[in-house]
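Because the structure is a prediction, the values reported are computed rather than measured.
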Amino acid sequence: MSPCVTDAARTLGCRDGAAASHLKLISLVVIFISSIVGISSPIFLARYFQGKPVYDKAILVIKCFAAGVILSTSLVHVLPEAFAALSDCHVASRHPWKDFPFAGLVMLLGALLALFVDLTASSHVEHGQSKPSGEYFPVVTQEGTTGKKVGKDLPNEELVKLKQKLVSQVLEIGIIFHSVVIGATMGMSQNQCTIRPLVAALAFHQVFEGMGLGGCIAQAEFKTGTVAYTCFMFSATTPMGIVLGMVVFAVTGYGDSSPNALIMEGLLGSMSSGILIYMAMVDLIALDFFHNKLMASQTWLKKASFIALALGSTSMSILALWA
């Protein structure tokens with residue numbers, strides 16, 4: 001008997017469409033609320049510390065915890081699930097999926113895409129800020145007063161803030177990919193034995209992943225409207241993915257074990273993983289631990305930041321036992 005037939009026989013007793021739909025409706029509310037709690041916590045925490053002497057240090061520690069969560073999300077959750085989807089017996093027995101490790105290739109493309117976006121946007125920002133303003137200021141000389149064209153550059157702090165905003169936006173794109181894949185996979189599933197533990201596990205998953213994104217948003221200091229919009233989009237993405245999965249199953253009959261669904265899950269998951277790995281390692285961890293003057297000048301802050309990074313990674317990794 002083939003592994004696919006064995007798996008189908010094992011899950012037959014758990015397949016109950018009505019019970020699965022009921023659990024999915026409950027999950028919409030639970031996951032939405034937990035996502036709001038997760039992403040808003042670091043933002044409110046940053047607002048609490050704002051104006052206090054420890055503000056910059058608190059933001060740095062929160063961001064390092066967030067980097068650990070995001071790195072663990074990509075390596076422990078997203079990437080293994082993508083490999084598992086594309087190596088499933090329904091997919092791996094077909095051409096070209098059995099001939100090449102497409103999950104690794106698409107993850108590489110995701111990382112290169114994140115690098116390309118990062119380079120393009122950074123170059124655009126730096127070029128835009130280095131243009132002369134075209135204003136003329138009077139300059140007094142021995143011959144009299146003449147006009148001289150003076151170029152003005154924005155302070156380095158402004159460039160840093162623009163960079164942080166860019167990091168937050170690209171990071172959200174990677175997380176949204178991941179959230180849609182999780183939600184759609186759950187929405188297509190008719191296996192109540194799988195969905196029941198996933199509801200609780202995904203709630204905690206969204207809390208920690210939200211904290212990761214929220215930490216970056218807090219440091220970028222977006223306007224209130226942008227922060228509210230970003231928080232809503234993150235919170236609504238997984239529930240929207242669940243609804244999308246339910247609609248796809250109702251229209252096409254594709255379940256979570258359908259070859260087409262597995263291929264889409266594997267490709268989107270791999271792309272998301274590449275983006276998240278790049279963002280965590282390059283724009284969060286390397287940037288803070290090697291190029292942050294505040295951390296370089298205070299040894300205790302570097303130790304605290306590393307502990308926060310390890311705690312973020314550990315907390316998200318433990319969730320892999322259930323989701």
> Nearest 0.5 Å, what's the CG-SG distance between Leu262 and Cys89?
9.0 Å
> For Phe204, what residues pass the ring pair (Phe, Tyr, Trp, His ring centres under 6.0 Å) criterion, not counting sequence neighbours?
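Here no residue qualifies.
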> Taking Met188 as the starting point, is it possible to reach Leu244 by hopping between hydrophobic residues whose side chains are less than 4.5 Å apart?
yes
> Set out, in order, the CA-CA distance, both residues' side-chain angles and the distance that settles side-chain contact (heavy atoms from CB on, under 4.5 Å) for Leu213 and Val69, then state yes or no.
CA-CA 9 Å; Leu213 181 58; Val69 169; over 6 Å; no
> With sequence neighbours excluded, give me every salt bridge (charged side-chain N to carboxylate O under 4.0 Å, His left out) pair touching residues 67-78.
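Non-adjacent pairs meeting salt bridge (charged side-chain N to carboxylate O under 4.0 Å, His left out): zero.
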> Got a sec: does the CZ of Phe289 have more than 12 other heavy atoms crowding it under 6.0 Å?
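For Phe289, atom CZ is crowded (more than 12 foreign heavy atoms under 6.0 Å).
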> Just wondering, do Phe234 and Glu209 contact through their side chains at under 4.5 Å, heavy atoms?
yes
> Report the residues that fulfil side-chain contact (heavy atoms from CB on, under 4.5 Å) with Leu115, sequence neighbours left out, ordered by chain and then residue number.
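By the side-chain contact (heavy atoms from CB on, under 4.5 Å) rule, Leu115 matches Leu119, Tyr278.
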> Between Met246 and Phe249, is a side-chain contact (heavy atoms from CB on, under 4.5 Å) present by the stated rule, with each step listed?
CA-CA 5 Å; Met246 295 172 71; Phe249 179 79; 5.9 Å; no
> Between atom OG of Ser272 and atom CD1 of Ile277, what is the distance when rounded to the nearest 0.5 Å?
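Between atom OG of Ser272 and atom CD1 of Ile277 there are 9.5 Å.
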> Just verifying a value: how many Å separate Ile285 CD1 and Leu309 CG, rounded to the nearest 0.5 Å?
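Between atom CD1 of Ile285 and atom CG of Leu309 there are 4.5 Å.
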> Where the side chain of Ser27 meets the backbone of Lys24, is there a donor-acceptor pair that is under 3.5 Å apart?
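Yes: the side chain of Ser27 pairs with the backbone of Lys24.
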> Measuring from atom CD1 of Ile31 to atom CD of Gln206, what distance do you get when rounded to the nearest 0.5 angstrom?
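Answer for the CD1-CD pair, Ile31 versus Gln206, is 6.5 Å.
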> Verify the cluster assignment for Ile307 and Ile318: are they in a single hydrophobic cluster under the rule of side-chain heavy atoms below 4.5 Å apart?
yes
> Give every residue pair that meets the side chain to side chain donor-acceptor pair (under 3.5 Å) criterion with at least one member in residues 304-315, sequence neighbours excluded.
none
> For Ser74 versus Ser273, what's the shortest heavy-atom pair and its separation?
O-OG, 3.3 Å
> Tell me, do Leu284 and Lys63 make a side-chain contact under 4.5 Å, heavy atoms counted?
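The answer is yes, as the side chains (C-beta and beyond) meet within the 4.5 Å cut-off.
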> Looking only at heavy atoms, which two atoms of Ser235 and Pro239 are closest? And how far apart?
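That closest heavy-atom pairing would be O-CD, 3.2 Å.
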> Quick one: closest heavy-atom pair of Met295 and Leu60, and the distance?
CE-CD2, 3.6 Å
> What's the spacing between Leu268 CG and Ile263 CD1 if we round to 0.5 Å?
12.0 Å
> Would you sort out whether Leu294 and Lys57 count as a side-chain contact (heavy atoms from CB on, under 4.5 Å), showing the intermediate values?
CA-CA 8 Å; Leu294 186 63; Lys57 301 179 183 65; 4.2 Å; yes
> State, to 0.1 Å, how close Val199 and Leu23 come at their nearest heavy-atom pair, and which atoms those are.
CG2-O, 4.2 Å
> Side-chain contact test, heavy atoms from C-beta onward, threshold under 4.5 Å: evaluate it for Met211 versus Ile39 and give yes or no.
no
> Transitive ILVMFWY cluster of Leu287 at side-chain heavy atoms under 4.5 Å: who else is in it?
none
> Check side-chain contact (heavy atoms from CB on, under 4.5 Å) between Tyr229 and all other residues, then give those that pass, not counting sequence neighbours.
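For Tyr229 the side-chain contact (heavy atoms from CB on, under 4.5 Å) partners, ignoring immediate neighbours, are Met233.
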> Pair up each side-chain donor or acceptor in residues 40-48 with any protein partner under 3.5 Å, not counting sequence neighbours, and list the distances.
residue: Ser40; atom: OG; partner: Ile36; partner atom: O; Å: 2.5
residue: Ser41; atom: OG; partner: Val37; partner atom: O; Å: 2.5
residue: Tyr48; atom: OH; partner: Lys52; partner atom: NZ; Å: 3.3

> Quick one: list whatever passes side-chain hydrogen bond (donor to acceptor under 3.5 Å, both in side chains) with Ser317, sequence neighbours left out.
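Per chain and number, Ser317 pairs via side-chain hydrogen bond (donor to acceptor under 3.5 Å, both in side chains) with Ser72.
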> Could you check whether any side-chain N or O of His77 sits under 3.5 Å from a backbone N or O of Leu319, counting only pairs where one atom can act as donor and the other as acceptor?
no
> Tabulate below the donor-acceptor pairs under 3.5 Å that side-chain atoms of residues 100-112 make, not counting sequence neighbours, or state none.
none

> Can you get from Met271 to Leu267 by hopping between Ile, Leu, Val, Met, Phe, Trp and Tyr side chains that sit under 4.5 Å apart?
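Yes: a chain of side-chain contacts under 4.5 Å links Met271 to Leu267.
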> Give the minimum heavy-atom separation between Ser34 and Val207, together with the two atoms involved.
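Here Ser34 and Val207 meet closest at O-CG2, 3.4 Å.
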> Do the side chains of Ile33 and Phe232 join up, straight or via other hydrophobic residues, at under 4.5 Å, putting them in one cluster?
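Unlinked, Ile33 and Phe232 end up in two clusters.
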> Considering non-hydrogen atoms only, spot the tightest contact between Val91 and Leu86 and give its length.
CG1-O, 3.7 Å
> Is there a side-chain contact between Phe222 and Ile217 (heavy atoms, below 4.5 Å)?
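Phe222 vs Ile217: side chains touch.
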> Taking side-chain contact (heavy atoms from CB on, under 4.5 Å) as the test, write out the residues that go with Ala184, two or more places apart.
none
> Once you round to the nearest 0.5 Å, how far does CG of Leu75 lie from CG of Leu276?
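Leu75 CG to Leu276 CG: 9.5 Å, rounded to 0.5 Å.
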> Which residues pass the side-chain contact (heavy atoms from CB on, under 4.5 Å) test with Ala308, sequence neighbours left out?
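Result, side-chain contact (heavy atoms from CB on, under 4.5 Å) vs Ala308: Val61, Cys64, Phe65.
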> Please answer: with hydrophobic residues joined when any side-chain heavy atoms are less than 4.5 Å apart, are Val29 and Val243 in the same cluster?
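Not linked; separate clusters.
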